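Note that the structure is a prediction, hence the values are computed from the model and not measured.
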Amino acid sequence: YMTKNGAIAGAWGGMILALVSWMSVAASRCTNGDDPDDLAEGVDCDTGKLNVDTLGNINAQTAGSVVALCVSGVIAFLVASIEYKMGTEQPFEWEKMREGIKRV
């Protein structure tokens, strides 16, 4: 089941959290896009900056994508569940759609 508020909250919440996670992971990368953990011991890199190299890092992009896919569904489900439990929304009557759309 899905409600309009659940779909809207899931889309916006997923997008916002995906952007936050993408930029957070990107800021933890070296300014040239390398992973600080992969550097040789004693070699230091400049982190905490957002640029094309850090935002284009595959780890940062993957983090944002995974968060967008997973969190948006969870938020949509939670909002829809809360609305159903409170009685503010009812499940969609699919029969109305089947009856309302006529084949040409």
Side-chain angles (χ1 to χ4, degrees):
Y1 298 111
M2 182 55 55
T3 63
K4 63 182 177 215
N5 293 331
I8 292 168
W12 279 101
M15 180 189 68
I16 291 168
L17 291 175
L19 288 172
V20 168
S21 65
W22 174 44
M23 290 182 198
S24 298
V25 172
S28 71
R29 304 285 138 192
C30 298
T31 53
N32 63 358
D34 290 339
D35 187 355
D37 296 332
D38 292 343
L39 297 176
E41 195 159 321
V43 177
D44 196 20
C45 72
D46 190 21
T47 60
K49 295 183 180 171
L50 294 176
N51 60 25
V52 173
D53 292 325
T54 58
L55 290 171
N57 181 280
I58 192 68
N59 293 333
Q61 292 177 356
T62 303
S65 298
V66 168
V67 168
L69 288 171
C70 296
V71 172
S72 61
V74 170
I75 291 172
F77 174 76
L78 289 175
V79 170
S81 297
I82 290 169
E83 286 185 331
Y84 287 140
K85 293 240 184 215
M86 290 176 30
T88 58
E89 288 286 333
Q90 297 299 319
F92 184 73
E93 299 289 335
W94 290 102
E95 286 302 318
K96 288 182 183 178
M97 181 178 269
R98 289 187 193 109
E99 294 169 1
I101 297 176
K102 306 290 184 204
R103 289 191 175 181
V104 179

Please give me the minimum heavy-atom distance between A76 and M2, naming the atom from each residue.
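Of all heavy-atom pairs spanning A76 and M2, the closest is CB-CE, 3.7 Å.
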Atom of A18, atom of G64 and distance for their closest heavy-atom approach
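Scanning both residues, the minimum pair turns out to be CB-O, 3.3 Å.
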Could you pull out all residues at least two apart from N51 that satisfy side-chain hydrogen bond (donor to acceptor under 3.5 Å, both in side chains)?
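Only T54 meet the side-chain hydrogen bond (donor to acceptor under 3.5 Å, both in side chains) criterion with N51.
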Who pairs with N5 by side-chain hydrogen bond (donor to acceptor under 3.5 Å, both in side chains), at least two apart in sequence or on another chain?
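With sequence neighbours excluded, N5 shows a side-chain hydrogen bond (donor to acceptor under 3.5 Å, both in side chains) to E83, given in chain and number order.
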According to a 4.5 Å side-chain heavy-atom criterion applied to Ile, Leu, Val, Met, Phe, Trp and Tyr, with indirect links allowed, do I82 and F77 form part of one hydrophobic cluster?
no
Tell me whether M15 is reachable from I8 by hopping between hydrophobic residues (I, L, V, M, F, W, Y) whose side-chain heavy atoms are closer than 4.5 Å.
yes
With [X] via side chain to side chain contact (heavy atoms under 4.5 Å, CB included) - residues at least two apart:
X: K49; value: T31, D46
X: A60; value: W22, V25, A26, N57
X: V66; value: T62, C70

Using the side-chain contact (heavy atoms from CB on, under 4.5 Å) rule, pick out the option among N59, D53, L50, T47 that qualifies with R29.
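Single side-chain contact (heavy atoms from CB on, under 4.5 Å) partner of R29 among N59, D53, L50, T47: N59.
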Quick one: name the residues clustered hydrophobically with V79, using the 4.5 Å side-chain heavy-atom rule over I, L, V, M, F, W, Y, and just say none if it's on its own.
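Direct or chained contacts put V79 with L17, V67, V71, I75.
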Hey, could you give me the OG/CD1 distance between S21 and I16, rounded to the nearest 0.5 Å?
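If we round to the nearest 0.5 Å, S21:OG and I16:CD1 are 12.0 Å apart.
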Atom pair CE (M23) and OG (S28), whose distance is rounded to the nearest 0.5 Å:
13.5 Å
